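Below: one structure, written as structure tokens.
Small disclaimer: the values here were computed from a predicted structure and weren't measured. Each ligand, and each atom within it, is numbered from 1 in the order the structure gives.
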Amino acid sequence: MLKVCKFGGSSVAGADQFKKVRDIVLSDPDRRVVVSSAAGKRSPRDHKLTDLLYLCHAHLTYGVPGDEILATIRERFVEIRDELGLRYRIEDEFDALCAGLNRDTSVDELVSRGEYFTSKLLAEYLGFTFVDAVDCVFFTFDGQFDREKSDAAIAAALDKYERIVIPGFYGRSPTGKIKVMARGGSDISGALAAAAVNADVYENWTDVSGILMADPKIVADPRPIPKITFAELRELAFMGASVLHEDSILPVKEKGIPLNIRNTNCPEDPGTMIVENVAEEIEHDRPITGIAGRRNFTIITVMKRNITGTQVLRDALEILDRYHAAVEHITMGLDTFALVIATAALESNLYDVIADIQKVCQPDSVDIQDGIALVAAVGRKMTSRPGTSGRLFQALGQQGLNIRTIAQGADELSIILGVANSDFEKAIRVLYDGFAG
Ligand code: ASP
């Protein structure tokens with residue numbers, strides 16, 4: 001067995017967290033590859049080192065002294081080193097970095113140092129070999145990952161050293177320069193490493209016990225999802241759930257490697273297992289895996305008696321395309337169709353869009369409704385259960401919630417309901433209480 005573990009910023013925020021990480025890693029000899037973020041917040045009012053490094057670079061750019069910020073960062077690293085009794089003379093390397101900073105220092109180079117130093121400390125503490133991401137994560141000229149080259153380098157490093165720590169979030173461009181990924185990119189580094197070494201599982205350690213069935217800001221104490229498929233996760237993410245970014249899932253999904261989200265602060269919790277297929281449904285009997293939603297959509301309803309064929313719809317879609325407004329859902333009736341679009345995507349173009357639809361489609365009428373929220377109930381088990389949608393609508397109806405639009409994916413993986421923005425939170429709570437809680 002081989003496990004790749006990625007630890008997020010809160011898991012390596014200070015010496016106490018490092019101790020938890022060490023307990024987790026050393027408790028299982030299969031955990032041989034560790035990918036680390038930069039030290040994050042120790043408390044809600046604390047700062048992530050990556051944020052401080054970005055701030056520091058802004059100071060450099062504008063020629064404002066950033067010494068205090070650098071001193072804060074240095075202090076954080078030295079404190080971790082001293083509290084853990086490590087030998088790494090981080091001051092030497094850190095001070096050399098500071099001495100070399102100038103207006104031309106690239107932002108990527110500077111902000112990558114959060115992951116670099118954190119991982120060096122962690123490697124020593126775990127007794128693992130530090131393998132710099134510039135030597136094993138490569139980009140192509142167009143900014144994509146050079147998967148072949150990266151896979152080979154990561155696999156070779158593990159062959160050579162047996163147990164390794166790789167800093168997340170950055171790699172090397174073909175010109176030899178350091179390049180960082182999007183924020184939160186260590187998740188991607190972890191997935192790349194897991195795919196490169198054909199891990200049996202990719203463990204993503206964070207500060208929650210898995211993906212929750214609903215937003216905890218809306219539903220009090222929602223349950224974690226024990227098992228979810230990549231397809232369900234995608235639907236939830238699309239509908240606004242703050243879960244892992246798709247890019248960070250792709251490398252493991254492609255290889256069929258399960259992804260386990262775990263909590264560094266509660267390592268006994270099993271977390272959420274993300275898998276390609278769930279062979280047997282055993283854990284519980286809930287038809288819904290998770291609930292998510294987004295506010296602020298506009299519905300454009302076009303009515304035209306005896307619309308035959310799809311020409312009118314095609315014309316309307318073409319108009320929206322011209323204004324770069326993505327249509328999220330389409331519902332159709334005999335003489336009407338309705339297009340659901342994020343209000344922000346229409347920006348100031350709404351009236352031009354309507355004018356064009358009127359001119360080209362010659363409808364009997366066009367109706368616009370804004371202030372719509374979409375709520376999605378996602379669940380692989382809905383496919384096999386007749387009556388789930390009926391029960392959903394009944395539950396919402398009983399609470400006096402008016403449903404403005406309904407869409408169901410062809411794969412029956414999700415049911416999406418449009419309600420007024422003002423009913424958004426209530427709708428999520430009704431669905432959770434009735435079907436997920
Ligand atoms: N440290 C980086 C950030 O804060 C990357 C990461 O943590 O994944 O975005």
How does Glu115 reach ligand 1, if at all, at less than 4.0 Å between non-hydrogen atoms: by side chain, backbone, both, or neither?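 Answer for Glu115: side chain.
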### ligand 1 contact by Gly185, heavy-atom criterion under 4.0 angstrom
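Judged by the 4.0 Å heavy-atom criterion, Gly185 does count as contacting ligand 1.
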Is it the case that ligand 1 has an N or O less than 3.5 angstrom from some N or O of [X]?
X      : result
Ser37  : yes
Ser186 : yes
Lys6   : no
Gly184 : yes

In this structure, CZ of Phe130 is separated from CD1 of Ile166 (nearest 0.5 Å) by 9.5 Å
Interatomic distance, CD@Glu328 vs CG@Leu374, rounded to 0.5 Å, equals 7.0 Å
Assess the residue pair Arg81 and Glu91 against the criterion (salt bridge (Lys or Arg N to Asp or Glu O under 4.0 Å)); give the C-alpha distance rounded to whole Å, side-chain angles, the decisive distance to 0.1 Å, and a yes or no. CA-CA 10 Å; Arg81 194 264 325 265; Glu91 297 91 336; 2.7 Å; yes
With salt bridge (Lys or Arg N to Asp or Glu O under 4.0 Å) as the criterion, how do Asp95 and Arg74 come out once you've worked through the C-alpha distance, each side chain's angles and the decisive distance to 0.1 Å? CA-CA 9 Å; Asp95 294 346; Arg74 185 183 194 270; 2.8 Å; yes
Quick note on ligand 1: atoms under 4.0 Å from a heavy atom of Arg183 include exactly 3 (C), 4 (O), 9 (O)
* Asked: At a 4.0 Å threshold, what atoms of ligand 1 neighbour a non-hydrogen atom of Thr50?
  ->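 Within the 4.0 Å cut-off of Thr50, ligand 1 contributes 1 (N), 2 (C), 3 (C), 4 (O).
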Original post:
If you draw the axis of the six-membered ring of Tyr432, does the NZ or CZ of Arg223 fall within 45° of it and under 6.0 Å from the ring centre?
Top reply: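 No cation-pi geometry.
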Between Phe139 and Phe145, does the ring pair (Phe, Tyr, Trp, His ring centres under 6.0 Å) criterion hold? Intermediate values first, please. CA-CA 4 Å; Phe139 293 94; Phe145 290 109; 5.1 Å; yes
